[in-house]
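For reference, the structure is listed below as structure tokens.
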Amino acid sequence: MRTHFLPDEIRLTRIPSLAAVYTKGADNFLYHIANASVASLLLQHGLPLNRRHPLMLTEQNGISAWLAKITEYIEGNASEKAVILRLRRVMVEDALEPDPDHTAEFASNCYLLSGNFNGTII
């Protein structure tokens with residue numbers, strides 16, 4: 001299966017972890033957390049749309065749980081850092097599917113960016 005990428009109009013940005021975790025109130029963003037090398041690839045090439053390997057996104061209140069989880073994996077490699085990426089929810093709303101497993105684990109709404117726009121991949 002071929003992977004498609006979302007258009008450049010979807011602005012993916014890297015943000016400081018403290019700004020993301022301690023911002024009060026609801027925001028209009030979704031977040032993805034990755035190690036530095038994966039984050040760099042996403043920033044350079046955009047967000048992949050792939051039904052077999054969808055990208056997970058969470059709301060702001062899921063960031064702390066995700067950071068704790070990813071820290072377990074990258075702790076052995078001191079050169080790797082967790083990077084928080086964000087994008088506007090409205091730009092991908094139609095390509096999201098609920099992710100009930102991570103929603104339960106993180107106690108926050110989580111989604112899979114599968115690219116299934118109204119039943120078809122773009």
Side-chain angles (χ1 to χ4, degrees):
M1 171 174 271
R2 195 171 154 208
T3 299
H4 299 275
F5 292 90
L6 287 174
D8 292 337
E9 298 87 49
I10 297 175
R11 202 173 291 161
L12 184 65
T13 56
R14 180 180 182 156
I15 60 169
S17 59
L18 292 178
V21 175
Y22 294 109
T23 302
K24 300 233 189 250
D27 63 6
N28 296 318
F29 294 97
L30 292 173
Y31 301 85
H32 179 77
I33 300 175
N35 63 37
S37 57
V38 171
S40 179
L41 287 172
L42 292 173
L43 287 166
Q44 289 174 19
H45 301 289
L47 297 171
L49 296 177
N50 186 317
R51 286 186 191 165
R52 291 186 184 162
H53 304 287
L55 193 70
M56 192 184 95
L57 300 169
T58 190
E59 294 178 348
Q60 183 182 24
N61 58 351
I63 293 172
S64 293
W66 198 345
L67 282 172
K69 184 174 181 128
I70 199 169
T71 300
E72 293 173 16
Y73 295 107
I74 62 176
E75 197 169 275
N77 186 352
S79 66
E80 285 289 338
K81 302 268 189 247
V83 176
I84 301 173
L85 302 173
R86 78 173 180 189
L87 65 146
R88 290 208 176 273
R89 177 192 301 263
V90 71
M91 300 301 287
V92 295
E93 195 86 56
D94 293 336
L96 297 175
E97 296 178 24
D99 181 354
D101 294 334
H102 284 110
T103 294
E105 181 181 1
F106 292 175
S108 173
N109 289 329
C110 294
Y111 309 93
L112 298 175
L113 183 64
S114 66
N116 193 15
F117 289 93
N118 298 322
T120 60
I121 280 200
I122 58 172

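Only heavy atoms go into these numbers, but all of them, side chains included; no hydrogens, no water, no symmetry mates.
With sequence neighbours excluded, no residue forms a side chain to side chain donor-acceptor pair (under 3.5 Å) with Glu93. Applying the side-chain contact (heavy atoms from CB on, under 4.5 Å) criterion to Leu43, with sequence neighbours excluded, gives Leu12, Arg14, Leu85. Evaluation of the side-chain contact (heavy atoms from CB on, under 4.5 Å) rule for Thr103 yields Asn109, Cys110 as partners, not counting sequence neighbours. With sequence neighbours excluded, the residues forming a side chain to side chain donor-acceptor pair (under 3.5 Å) with Asn61 are Ser108, listed by chain and number.
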Note to self: Run the side chain to side chain contact (heavy atoms under 4.5 Å, CB included) test on Leu113 and Leu30 for me, step by step, so that the C-alpha distance in whole Å, both residues' side-chain angles and the decisive distance to 0.1 Å come before the verdict.
What the structure shows: CA-CA 11 Å; Leu113 183 64; Leu30 292 173; over 6 Å; no
Notebook entry, point to check: Taking it one step at a time, do Met56 and Tyr111 satisfy side chain to side chain contact (heavy atoms under 4.5 Å, CB included)?
Noted result: CA-CA 6 Å; Met56 192 184 95; Tyr111 309 93; over 6 Å; no
Check: Is there a side chain to side chain contact (heavy atoms under 4.5 Å, CB included) between Gln60 and Tyr31 once you walk through the steps?
Finding: CA-CA 7 Å; Gln60 183 182 24; Tyr31 301 85; 3.8 Å; yes
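Distance CG/Asp27 to CZ/Arg88: 9.0 Å, rounded to 0.5 Å. The OG1 atom of Thr58 sits 11.0 Å away from atom CD1 of Ile84, with the distance rounded to the nearest 0.5 Å. Taken from CG in Leu96 to OG in Ser114, the straight-line distance is 8.0 Å, to the nearest 0.5 Å. The CD1 atom of Ile15 sits 5.5 Å away from atom CD1 of Ile63, with the distance rounded to the nearest 0.5 Å. Expressed to the nearest 0.5 Å, how far CD1 of Ile70 lies from NZ of Lys81 amounts to 13.0 Å. Expressed to the nearest 0.5 Å, how far CE of Met91 lies from CZ of Phe29 amounts to 11.5 Å.
Nearest heavy-atom pair across Ala82 and Ile33 is CB-CG2, 4.2 Å. Minimum heavy-atom separation, Ser37 to Asn35: OG-OD1, 2.9 Å. In terms of heavy atoms, Ala34 sits closest to Ala39 at CB-N, 4.0 Å. When all heavy atoms are compared, the tightest approach of Leu42 to Pro48 is CD2-CD, 3.5 Å.
Residues in residues 54-65 take part in these salt bridge (charged side-chain N to carboxylate O under 4.0 Å, His left out) pairs, two or more places apart or across chains: Glu59-Arg89. Within the structure, salt bridge (charged side-chain N to carboxylate O under 4.0 Å, His left out) contacts touching residues 33-45 (residues at least two apart or in different chains) do not occur.
Counted by atom type alone, His102 and Asp99 present one or more donor-acceptor pairs between their side chains at under 3.5 Å.
With hydrophobic clusters built from ILVMFWY side chains whose heavy atoms lie under 4.5 angstrom apart, Val38 shares a cluster with Leu47.
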